[in-house]
A.B. asks: 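This is the structure I have questions about; it appears just below.
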Amino acid sequence: MKKVYVDNHKLMYHPERTKEWLEKGDCPPIYVEIGPTDACNHKCVFCALDYLDCQGKYINTEIMLQALKDMAEKGVKSIMFGGEGEPFLHKDICLFTNKAKEYGLDISFTTNGTFFNKPKIEQCLHNISWIKFSIDAGTPESYAEVHGTNKEDFEKLMTNIQDAVEHRKQNNIKTTIGAQCLIIPQAIESIANLAERLKQIGVDYLILKPYSKHPQSINEFIINPEEYNQLEESLKKFHSNDFKIIFRKATIERMDTERDYHECHGTSFMALIDARGNVIPCNLFYNNEEFTYGNLNQQSFSEIWKGEKRKQVLERLRQKGISECRNGCRLDSTNRYLHRLKNPHEHDNFI
């Protein structure tokens, strides 16, 4: 099984891109997250984007294909389909996957998995580097409560995962198949059930992720740190060479650690595209025109990235600072690394 890296960054594996950023102050992004639709068949109690007015928008197919080709040609390395809604609800999601791979991009998914059925598995699993299923409870009843759906969706999801694992094995596909569970009070009691079920199916890993409140979200959950420790201890028996339990302790620790940087440097290395075609710095800025770089329906991705409006947005972000950013931000470890490169410590030359 491939090693699963979470809780850290990978910029040390992209020295030329990092060098370009150090010398020029900017560079083409390595990674882009795309929300092909804002429609979702679930209404999760923890949804960070519960404040959005999602209206079932779907990104235009031709626009998306053009953008994927443009991004690949301009140096983007990877795409993660996820975003505001459920990516597999877009009718052309397998087309996007296969074309993106053809253009030379690495493809991944974060999905609730209930629409990742056999036809989609057969069409595109072979072109996916990794797929991560968001499963935030371990019984049909708790799953229905947490995901805001019916109990039948839990077994539907388990069947889809089983089909994906079997298809991978039968066709000697290298796709990493994993799951992620957010640690919230409603989920804790059934997580052991989830781990046992996923291990039986043949999933590669289960990530346990701490809850981090989005600044604009209306939900909020509190977990006692001792509960994290108890949960970690109870799941050790499921961990093996073939099934990893990945407890995001480093993220938990960073959430309680003061940040030593004062601006977000990571915006040069990633971007988000929403279902309306807006290109934005991160998920703090959905539906926020002031911090939108541009729109794919009006300009190409490369034009937006080098455009004057993006320069203005980056300057606003620099002035704004990070005081309103969420704890446990996905760019936190990246920012700590880049800040250290720009502000080396006294003994950094002693390897």
A.B. asks: Considering non-hydrogen atoms only, spot the tightest contact between Leu89 and Thr37 and give its length.
C.D. replies: CB-CG2, 4.2 Å
A.B. asks: Checking Gln298 side chain against Asn295 main chain: does a donor-acceptor pair fall under 3.5 Å?
C.D. replies: no
A.B. asks: Would you confirm whether Arg17, through its side chain, and Gly75, through its main-chain N or O, come within 3.5 Å as a donor-acceptor pair?
C.D. replies: yes
A.B. asks: For Glu303 and Lys309: C-alpha separation, side-chain torsions, deciding distance, then whether salt bridge (Lys or Arg N to Asp or Glu O under 4.0 Å) applies.
C.D. replies: CA-CA 10 Å; Glu303 289 171 338; Lys309 188 176 181 185; over 6 Å; no
A.B. asks: Taking all non-hydrogen atoms of both residues, which atom of Ile135 and which atom of Cys181 are closest, and how far apart?
C.D. replies: O-CB, 3.3 Å
A.B. asks: Considering non-hydrogen atoms only, spot the tightest contact between Pro87 and Thr110 and give its length.
C.D. replies: CG-O, 3.6 Å
A.B. asks: Is a side-chain donor or acceptor of Asp348 paired with a backbone partner of His345 at a separation under 3.5 angstrom?
C.D. replies: yes
A.B. asks: Checking the side chain of Asn150 only, and the main-chain atoms of Asp153 only, is there a donor and an acceptor separated by less than 3.5 Å?
C.D. replies: yes
A.B. asks: Using every non-hydrogen atom in the two residues, find where Ser190 and Gly138 come nearest and quote the distance to one decimal.
C.D. replies: OG-N, 2.8 Å
A.B. asks: Does atom NZ of Lys77 have more than 12 heavy-atom neighbours from other groups under 6.0 Å away?
C.D. replies: no
A.B. asks: Is the shortest heavy-atom distance from the side chain of Lys320 to the side chain of Phe291 under 4.5 Å?
C.D. replies: yes
A.B. asks: Would you call Thr139 and Phe154 a side-chain contact if the rule is heavy atoms closer than 4.5 Å?
C.D. replies: no
A.B. asks: Looking just at side-chain N and O atoms, do Asn171 and His167 make a donor-acceptor pair shorter than 3.5 Å?
C.D. replies: yes
A.B. asks: Please tell me whether Asp70 and Ser302 have a donor and an acceptor in their side chains that are separated by less than 3.5 angstrom.
C.D. replies: yes
A.B. asks: Count the heavy atoms of every other residue, nucleotide or ligand shown that sit under 6.0 Å from CD of Gln312, and state whether that count exceeds 12.
C.D. replies: yes
A.B. asks: Ignoring hydrogens and geometry beyond distance, is a side-chain donor-acceptor pair present between Asp332 and Tyr261 at under 3.5 Å?
C.D. replies: yes
A.B. asks: Counting only heavy atoms not in Lys151, do more than 12 fall under 6.0 Å of its NZ?
C.D. replies: no
A.B. asks: Same cluster or not: are Ile280 and Ile322 linked, directly or through other Ile, Leu, Val, Met, Phe, Trp or Tyr residues, by side-chain heavy atoms under 4.5 angstrom apart?
C.D. replies: no
A.B. asks: Quick check: does any side chain N or O of Asp204 sit under 3.5 Å from a backbone N or O of Thr176, one acting as donor and the other as acceptor?
C.D. replies: no
A.B. asks: Compute whether any side-chain donor of one residue and acceptor of the other, for Glu86 and Thr111, lie under 3.5 angstrom apart.
C.D. replies: yes
A.B. asks: Is Glu232 paired with Lys236 through a side-chain N to carboxylate O contact shorter than 4.0 Å?
C.D. replies: no
A.B. asks: Counting N and O atoms only, with roles assigned by atom type, does the side chain of Asp274 sit under 3.5 Å from a partner on the main chain of Glu84, one being a donor and the other an acceptor?
C.D. replies: no
A.B. asks: Hey, does Val32 have a side-chain heavy atom less than 4.5 Å from the side chain of Phe301?
C.D. replies: yes
A.B. asks: Please list, one pair per line, the donor and acceptor atoms closer than 3.5 Å that link side chains of residues 192-200 to other protein atoms, with sequence neighbours excluded.
C.D. replies:
unit_1 : atom_1 : unit_2 : atom_2 : d
Arg197 : NH1    : Glu155 : OE2    : 3.3
Arg197 : NH2    : Glu155 : OE1    : 2.7
Lys199 : NZ     : Phe238 : O      : 3.1

A.B. asks: With no hydrogens and no angle check, is any side-chain donor or acceptor of Trp305 less than 3.5 Å from a backbone partner on Cys27?
C.D. replies: yes
A.B. asks: Does a donor on one side chain and an acceptor on the other come within less than 3.5 Å for Asp242 and Ser240?
C.D. replies: no
A.B. asks: Please name the pair of heavy atoms, one in Val203 and one in Ile177, separated by the smallest distance, quoted to 0.1 Å.
C.D. replies: CG1-O, 3.3 Å
A.B. asks: Would you say Asn60 and Asn297 are linked by a side-chain donor-acceptor pair, where the criterion is simply a distance under 3.5 Å?
C.D. replies: no
A.B. asks: Mind checking whether Leu341 and His265 have side chains closer than 4.5 Å, heavy atoms only?
C.D. replies: no
A.B. asks: Determine whether Lys132 and Tyr205 make a side-chain contact, defined as any pair of heavy atoms from C-beta on separated by less than 4.5 Å.
C.D. replies: yes
A.B. asks: Distance only, no hydrogens: is a donor on one side chain within 3.5 Å (strictly under) of an acceptor on the other, for Asn278 and Thr292?
C.D. replies: no
A.B. asks: Hey, are the side chains of Thr97 and Phe109 touching, using non-hydrogen atoms and a 4.5 Å cut-off?
C.D. replies: yes
A.B. asks: With a 4.5 Å heavy-atom cut-off, do Asp260 and Arg336 have their side chains touching?
C.D. replies: yes
A.B. asks: Looking at Ser268 and Asp26, would you say the former's side chain and the latter's main chain have a donor-acceptor pair under 3.5 Å?
C.D. replies: no
A.B. asks: Return yes if some donor-acceptor pair links the side-chain N/O of His239 with the main-chain N/O of Ile245 below 3.5 Å, else return no.
C.D. replies: yes
A.B. asks: Looking only at heavy atoms, which two atoms of Leu296 and Ala67 are closest? And how far apart?
C.D. replies: CD1-CB, 3.8 Å
A.B. asks: Hey, what do you get for OG (Ser300) to NZ (Lys69), rounding to the nearest 0.5 Å?
C.D. replies: 12.0 Å
A.B. asks: Are Trp130 and Asp106 close enough that some pair of their side-chain heavy atoms sits under 4.5 Å apart?
C.D. replies: no
A.B. asks: Strictly distance-based, threshold 3.5 Å: is any side-chain N or O of Asn335 a donor or acceptor partner for the main-chain N or O of Cys264?
C.D. replies: no
A.B. asks: May I have the step-by-step check of salt bridge (Lys or Arg N to Asp or Glu O under 4.0 Å) for Lys311 and Glu315, ending in yes or no?
C.D. replies: CA-CA 6 Å; Lys311 293 177 184 177; Glu315 178 58 25; over 6 Å; no
